[in-house]
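A quick write-up on the structure given underneath.
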Amino acid sequence: MTTLFDKSDARTGGITISFGERFANSDQFDSIFKEGMALVERTASYLDGPGRKEARLLRGPVSVLYATESMRLTTRLLELASWLMIRRALKAGEISADEARAKRERVRLRAPGRPSHVKGFVDLPEGLRALIEAS
């Protein structure tokens with residue numbers, strides 16, 4: 001839990017403020033939730049439609065790279081969606097803080113990959129590259 005000592009209460013020993021809780025209850029969280037879930041939906045739509053067609057046209061190492069990078073992207077976005085859903089459930093009172101904490105321990109948000117360092121990244125279809133860079 002990210003916390004901050006509230007100096008305004010220094011006489012009584014201070015209080016702990018949970019940034020995660022404040023963030024989850026903010027308008028900014030609602031905006032990020034919508035944006036994150038829209039990215040998940042856009043990615044699913046691409047991979048099930050145009051991405052599937054584009055992947056069939058790829059050959060050799062680029063075909064393997066497409067499979068690898070699309071799987072990595074899907075995994076990352078599922079982790080993001082899980083994290084967002086846990087925060088939203090806590091905000092809505094659907095789960096307790098302890099339940100949210102236990103669930104968050106199972107969800108590991110990884111740092112975004114560095115696509116420019118992936119050999120052959122520029123050979124991937126533009127749609128997949130754009131989604132990877134957006135995540």
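Note that the structure is predicted; figures quoted are calculated from it, not measured.
Nearest heavy atoms, Phe29 versus Arg88: CZ-N, 3.8 Å. Here the shortest heavy-atom pairing between Pro125 and Leu58 reads CD-CD1, 4.0 Å. Val107 approaches Glu79 most closely through the heavy-atom pair CG1-O, 3.5 Å. Across all non-hydrogen atoms, the minimal contact from Pro50 to Ser45 is CD-O, 3.8 Å. Between Lys119 and Leu65 the shortest heavy-atom distance is O-CD2, 3.4 Å.
For Arg76 (side chain) and Ser135 (main-chain N/O), a donor-acceptor pair under 3.5 Å exists by modelled atom type. Under a 3.5 Å cut-off, the side chain of Glu133 and the backbone N or O of Ala130 do not form any donor-acceptor pair. One N or O on the side chain of Arg129 and one on the backbone of Val122 form a donor-acceptor pair closer than 3.5 Å. Side chain of Tyr66 to backbone of Gly51: a donor-acceptor contact under 3.5 angstrom is found.
Rounding to the nearest 0.5 Å gives a distance of 10.0 Å between CE of Met71 and CG of Leu47. Note that the CG atom of Leu73 and the CG atom of Leu131 stand 6.0 Å from one another [nearest 0.5 Å]. Interatomic distance, Lys53 NZ to Asp48 CG, rounded to the nearest 0.5 Å: 11.5 Å. Remark: Arg52 CZ to Leu57 CG distance equals 13.5 Å, nearest 0.5 Å. The line from CD of Glu99 to CD of Glu94 is 10.5 Å long, rounded to the nearest 0.5 Å. Note that CG of Leu80 and CG of Leu39 are 7.5 Å apart. Values are rounded to the nearest 0.5 Å.
No hydrogens or angles considered: nothing links the side chains of Tyr46 and Glu41 as a donor-acceptor pair under 3.5 Å.
Side-chain contact between Glu54 and Glu126: absent, with no pair of heavy atoms (C-beta onward) separated by less than 4.5 Å. A heavy-atom distance below 4.5 Å is found between the side chains of Arg104 and Arg87. Side-chain contact between Leu84 and Ile32: present, with at least one pair of heavy atoms (C-beta onward) separated by less than 4.5 Å.
Salt bridge status for Asp30 with Lys91: present, with a side-chain N to carboxylate O gap under 4.0 Å.
Atom CE of Met37 is surrounded by more than 12 heavy atoms from other residues, nucleotides or ligands within 6.0 Å.
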